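Please read the structure below before turning to the comments.
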Amino acid sequence: MNAGYMWAAYGAIALILAGYLAALAVRVARLERGHDDDGNGEPQP
Amino acid sequence: MHLKRSTWNVLAVAAALAVAYSLWRVAAAPVAQPEAGGLAQKIFYYHVGSALTMYLAFLVGGVASVVYLRRQQRTWDLVATANLEVGLVFCTLVLITGPLWARPVWGTWWRWEPRLVTFLILWLSFVVYFLFRRSIAAERLRARLAAVYAILACLNIPLVVLSTRLWRPEQQLHPRRVGLPPTMLWTLLWSVVALALVYVLLAGLRYRVAWLEARRTERLTEEETR
């Protein structure tokens, strides 16, 4: 009954939206703490 | 959006509850006949929901671009970027879920028909929008040119929406009109509500990122000039 297509579609939606949301939340948290964006986790001077 | 943390939490909980309820409705909705896709037909709810949310995000982004050109205030450039980026994410979801629905129903992943071609052009034009933004360093020039580009890219939206009516039906698999029984219609409406709440949450967070980055750049520039 084509369940594989349905799971693939909803899986892709969940993965992309959850991943994007998590990335934005982490970015906001880092910027609010004053961390740099170069990925090394060092605080800004 | 400069919202209180409690407001963010309420928004996130509301979005999570709406998504959970809409998914329950999708699961409970009747399974279509095998020739209509069977279980794969259930992709329809979030495929169409994502498309409607994408139109909303691009519309807000396009209007913010117009307002930026009139007022030249940085806030509107940030609002436009945030909404257009979230719109692009939903546009990508539509492009992924569409072929997954089309394959079992129409027997093909893709067809070069008016709705799909205009939609692909829409996706590409907003991918280029973000490449375009990255290529210009001067903030005001970047904001102005990006606003003009965004407005031009948005002009394709009516063409996407009306494509099934503007071209002959023999050329396309997408129907001109979709009639839905009430159960399916309510399930679709709940999917749209859930995705719209997720969109508000994402656009709000993306705006916050853009605002914090702009403030940081400003601070660094001030320190350099001192």
Side-chain angles (χ1 to χ4, degrees), chain A, chain B residues 8 12 15-16 19 23 26-27 31-34 36-47 49-50 82 85-86 88-90 92-105 191 195 198-199 201-217 219-220 223:
Chain A
M1 287 291 275
N2 300 321
Y5 294 104
M6 182 189 71
W7 287 114
Y10 280 95
I13 292 170
L15 193 70
I16 290 170
L17 289 183
Y20 185 53
L21 179 64
L24 287 179
V26 168
R27 186 91 185 95
V28 167
R30 286 176 65 82
L31 284 164
E32 281 178 344
R33 282 202 307 266
H35 279 56
D36 206 340
D37 189 33
D38 57 7
N40 63 10
E42 295 295 321
Q44 275 183 198
Chain B
W8 282 111
V19 167
L23 286 176
V26 169
V31 178
Q33 299 292 316
L39 279 171
Q41 184 276 331
K42 286 176 187 275
I43 296 170
F44 157 81
Y45 301 108
Y46 267 60
H47 173 74
S50 298
E85 187 179 297
V86 177
L88 183 62
V89 170
F90 280 100
T92 308
L93 291 181
V94 178
L95 272 181
I96 292 170
T97 54
L100 285 167
W101 181 26
R103 180 72 179 91
V105 179
S191 303
L195 288 170
V198 172
Y199 150 66
L201 182 68
L202 290 173
L205 274 174
R206 184 61 188 85
Y207 174 79
R208 181 99 184 119
V209 168
W211 185 80
L212 286 165
E213 281 176 345
R215 204 180 61 164
R216 187 192 61 178
T217 311
R219 206 170 50 226
L220 287 173
E223 278 169 14

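Everything numeric here is computed off the predicted structure, so don't read it as measured data. Residue numbering restarts at 1 for every chain, and letters A, B, ... go by the order of the sequence lines.
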### Leu31(A) side, atom CG; Arg208(B) side, atom CZ - distance, nearest 0.5 Å
9.0 Å

### Message
Looking at Tyr10(A) and Lys42(B), would you say the former's side chain and the latter's main chain have a donor-acceptor pair under 3.5 Å?
### Response
yes

### Pick from Thr97(B), Val86(B), Leu93(B), Leu23(B) with the largest number of heavy-atom pairs that fall under 4.5 Å of chain A
Leu93(B)

#### Entry: Structural part of Val198(B) lying under 4.5 Å from a heavy atom of chain A
side chain

### Query
If you round to the nearest 0.5 Å, how far is CZ of Arg27(A) from CG of Leu212(B)?
8.5 Å

### Query
Stepwise, does the side-chain contact (heavy atoms from CB on, under 4.5 Å) test hold for Val105(B) with Asn2(A)?
CA-CA 10 Å; Val105(B) 179; Asn2(A) 300 321; over 6 Å; no

### Task
Heavy-atom distances under 4.5 Å only: say whether Ile16(A) touches chain B with side chain, backbone, both or neither.
side chain

### Task
Could you tell me the separation between the CD1 atom of Ile13(A) and the CZ atom of Phe90(B), rounded to the nearest 0.5 Å?
9.5 Å

### Message
Rounded at 0.5 Å granularity, tell me how far CH2 in Trp7(A) sits from CG in Leu39(B).
### Response
9.0 Å

#### Entry: Non-hydrogen atoms of Val209(B) and Val28(A) that approach each other most closely
CG2-CG2, 3.4 Å

### Message
Can you tell me which portion of Ile96(B) sits under 4.5 Å from chain A's heavy atoms? Options are side chain, backbone, both or neither.
### Response
side chain

### Query
Of the listed residues (His47(B), Gln41(B), Arg103(B)), which shares the most heavy-atom pairs with chain A below a 4.5 Å separation?
Arg103(B)

### Message
Which heavy atom of Leu202(B) sits nearest to which heavy atom of Tyr20(A), and what is that distance?
### Response
CD2-CD2, 3.7 Å

